[in-house]
Amino acid sequence: MALLKNKIIWKERGNKSPLSFDVLIDRIMLFLVVGSLLLFILYPIFMVISTSVYRHGVFSLDNYRDLLSPGNLKLIKNSLFVSTLSSVLGTFFALCIALYTFLQKERIRALIYRLLMITLISPPFVSALALIMLFGRRGLITYNLLGLSVNPYGWQGIVLLQTLGLISLAAIMLISTLNAIDKRLILASRDLGAGTLQTLHRVILPSIYPAILSVLFLLFTINMADFGTPIIIGGKYKVLATEAYMTIFSAADLGKAAAMSVLLIPPAIIAFYFYRKNLEKNNSLADGVKALGGEGLDFRLPLFIRIALGIITGLFFFLMLLKYGNIFLSAVTINVSGKLTFTWKHIEAFQFAYLPAVYRSLHIAVIAGILASVIGILLSYYTHRRQLPLMKPIEFIASLPYIIPGIFFGLGYIVGFNNHPLLLTGTTAILVLNCTFRHISVGNKAANAAFENLDRRLEMAARDLGASPVRILTTVIFPLLKSTFLLSFINTFTACMTTVGAIIFLVSPRNVVASVLMFKDITNGHYGLGAVVASVLIIVTVAVNLAAIKYLGREGGKQYVA
């Protein structure tokens with residue numbers, strides 16, 4: 001027995017020996033993970049803040065003083081108004097859809113959830129394009145069918161598009177929270193004589209209140225950082241994010257743009273705070289689900305409420321159908337004298353000029369998806385499995401790009417990597433790095449969840465047999481986390497194929513991507529060509545998702561939403 005104990009100790013010491021090649025590889029991987037997060041996440045954030053408080057190499061708060069001018073204060077007021085209104089409306093409609101889904105049978109709930117997941121796969125600005133094509137001055141519905149000439153531009157259009165654009169994400173988050181409620185609470189309320197409305201008011205809604213707040217602040221953060229929708233549909237109505245975008249492209253004043261971007265951070269931090277509190281609340285709620293599922297739960301709201309919730313849900317999906325149908329129709333038609341005429345000229349123009357950008361988008365998205373997934377898993381492994389010191393703060397740094405607005409993170413790469421020895425401006429590498437580290441948190445959160453269910457005895461057995469940490473990682477952990485890797489890859493690939501906000505400042509004529517070209521086409525009024533690009537992005541993204549889901553089998557349906 002003593003001999004066996006000494007043998008195990010010798011193996012553990014051998015695994016920790018500084019002369020071991022596997023230990024050297026392990027330390028190199030750890031150094032690369034930590035070093036890359038500090039260099040490509042923390043450093044750009046620091047550079048944006050530094051740029052905002054320095055002018056001509058001298059510390060100055062002039063950029064922030066300029067923000068207090070009457071014109072900039074109006075921008076802030078406009079941003080707060082449309083973002084608050086859009087977030088409240090989006091949260092309300094998402095809650096209605098989530099409640100309607102929660103009250104349905106399992107088959108209908110699964111169908112609604114899948115439809116919501118499909119509507120998440122949407123290139124940016126397609127909602128604005130659909131609004132213009134359907135309800136604009138020469139819109140298919142307003143002009144062709146109703147004979148009206150409606151002006152869709154202004155704050156009303158911004159609120160409408162921002163509301164519709166984030167309902168799917170918000171509804172998915174709220175559905176997950178509703179499913180985590182301890183069903184015994186609902187049964188106890190009903191057994192004590194409470195009506196369905198009383199149970200909804202005093203049990204269900206208070207239970208998901210943290211999730212509602214989390215969704216509200218998340219939507220507010222995203223809407224505050226949205227510059228594309230106000231540019232396309234806002235008309236003369238200007239907001240802070242739009243002005244930051246124009247300050248860079250028109251005035252080339254990075255300091256002022258950095259100060260504007262910094263103002264977008266406080267609501268993002270608040271959103272993250274409520275998100276973390278919501279996770280803790282969900283974990284406590286989920287314990288009850290394990291004790292009692294909802295198969296035998298019969299909870300029905302009054303008929304008029306169910307009808308109202310059903311109308312809201314059906315109307316939302318009808319609008320989504322109109323949006324996607326209009327995009328595909330606009331790609332192959334042209335409006336001539338108020339009549340639609342089929343044409344191939346948009347597709348021909350796309351084929352000759354835009355295919356390289358699509359290939360580049362695919363190339364960047366695939367590489368970023370692989371890198372983000374691998375680094376996210378390694379970060380989770382070192383933080384929660386190996387429990388190395390000081391890795392918790394490093395994991396928080398990895399979550400920062402997911403917290404802060406994309407326009408802020410993209411600006412960080414401009415000011416951080418435009419000089420030697422870190423000159424990356426104008427290269428494809430800067431796009432890959434930006435997309436990779438903006439979505440590290442997705443793979444990290446997915447791996448954290450997977451490690452909770454991964455039996456540690458497998459690793460202990462491999463260690464007792466003499467395997468080094470690197471061999472355990474490559475032969476035990478990574479094969480078991482194949483589904484986690486593919487799930488993270490799907491999320492990152494989808495986001496990278498459709499992203500604009502974080503990379504709009506980083507592209508150049510030699511490394512332009514399809515989503516940026518689509519944005520420029522729509523802002524320049526080339527709606528047909530923009531529709532073709534949007535259609536291609538949707539088809540490619542859905543095809544990759546379906547292929548990955550088929551490869552995953554049953555586990556592919558369990559989508560992870562960050």
Side-chain angles (χ1 to χ4, degrees), residues 115 117-145 150 152-153 157 160-161 164-165 168 228-229 231-233 316-365 493-500 504 507 512-547:
L115 290 176
M117 292 300 303
I118 292 175
T119 58
L120 280 179
I121 305 174
S122 176
F125 321 121
V126 296
S127 296
L129 177 60
L131 178 65
I132 294 172
M133 299 295 291
L134 292 173
F135 302 101
R137 292 188 177 93
R138 291 295 184 267
L140 295 178
I141 294 178
T142 54
Y143 184 78
N144 289 3
L145 295 181
V150 179
Y153 302 96
L160 176 62
L161 294 184
L164 290 176
S168 297
T229 301
I231 286 178
I232 296 173
I233 207 70
F316 170 73
F317 285 116
F318 175 72
L319 291 175
M320 292 298 102
L321 181 63
L322 275 181
K323 180 180 79 171
Y324 286 102
N326 173 77
I327 295 302
F328 292 120
L329 182 64
S330 299
V332 294
T333 60
I334 186 172
N335 196 329
V336 180
S337 300
K339 295 183 179 179
L340 284 181
T341 304
F342 284 91
T343 179
W344 294 104
K345 74 172 189 176
H346 303 316
I347 297 178
E348 291 173 354
F350 168 85
Q351 182 178 356
F352 290 107
Y354 287 51
L355 283 180
V358 174
Y359 294 146
R360 190 175 297 110
S361 296
L362 272 171
H363 180 244
I364 291 171
F493 176 85
T494 302
C496 292
M497 283 294 292
T498 58
T499 187
V500 170
I504 186 69
V507 297
V512 68
V513 295
S515 57
V516 174
L517 286 179
M518 181 188 68
F519 171 66
K520 292 181 178 179
D521 283 332
I522 295 175
T523 54
N524 291 329
H526 303 150
Y527 300 138
L529 193 52
V532 175
V533 180
S535 301
V536 171
L537 289 176
I538 293 171
I539 293 171
V540 170
T541 306
V542 170
V544 173
N545 276 265
L546 291 177

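Residue numbers count from 1 along this sequence.
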State, with a plain yes or no, whether a side-chain heavy atom of [X] is found less than 4.5 Å away from one of [Y].
| X | Y | result |
| --- | --- | --- |
| M320 | F316 | yes |
| I539 | F328 | yes |
| L529 | Y354 | yes |

Quiz item: Counting N and O atoms only, with roles assigned by atom type, does the side chain of S361 sit under 3.5 Å from a partner on the main chain of A514, one being a donor and the other an acceptor?
Solution: yes
Self-check item: Donor-acceptor under 3.5 Å (T541 side chain, T494 main chain)
Solution: no
I need the minimum non-hydrogen distance between [X] and [Y], along with the two atoms involved.
| X | Y | value |
| --- | --- | --- |
| V512 | R360 | O-NH1, 2.6 Å |
| L362 | F493 | CD2-CZ, 3.7 Å |
| I233 | G157 | CG2-C, 3.9 Å |
| L115 | F317 | CB-CE2, 3.5 Å |

So how far is it from [X] [atom1] to [Y] [atom2], rounded to the nearest 0.5 Å?
| X | Y | atom1 | atom2 | answer |
| --- | --- | --- | --- | --- |
| M518 | T498 | CE | OG1 | 8.5 Å |
| I504 | S515 | CD1 | OG | 7.5 Å |
| L161 | K323 | CG | NZ | 9.0 Å |
| T229 | L160 | OG1 | CG | 10.5 Å |
| I231 | I522 | CD1 | CD1 | 12.0 Å |
| L537 | I327 | CG | CD1 | 11.0 Å |

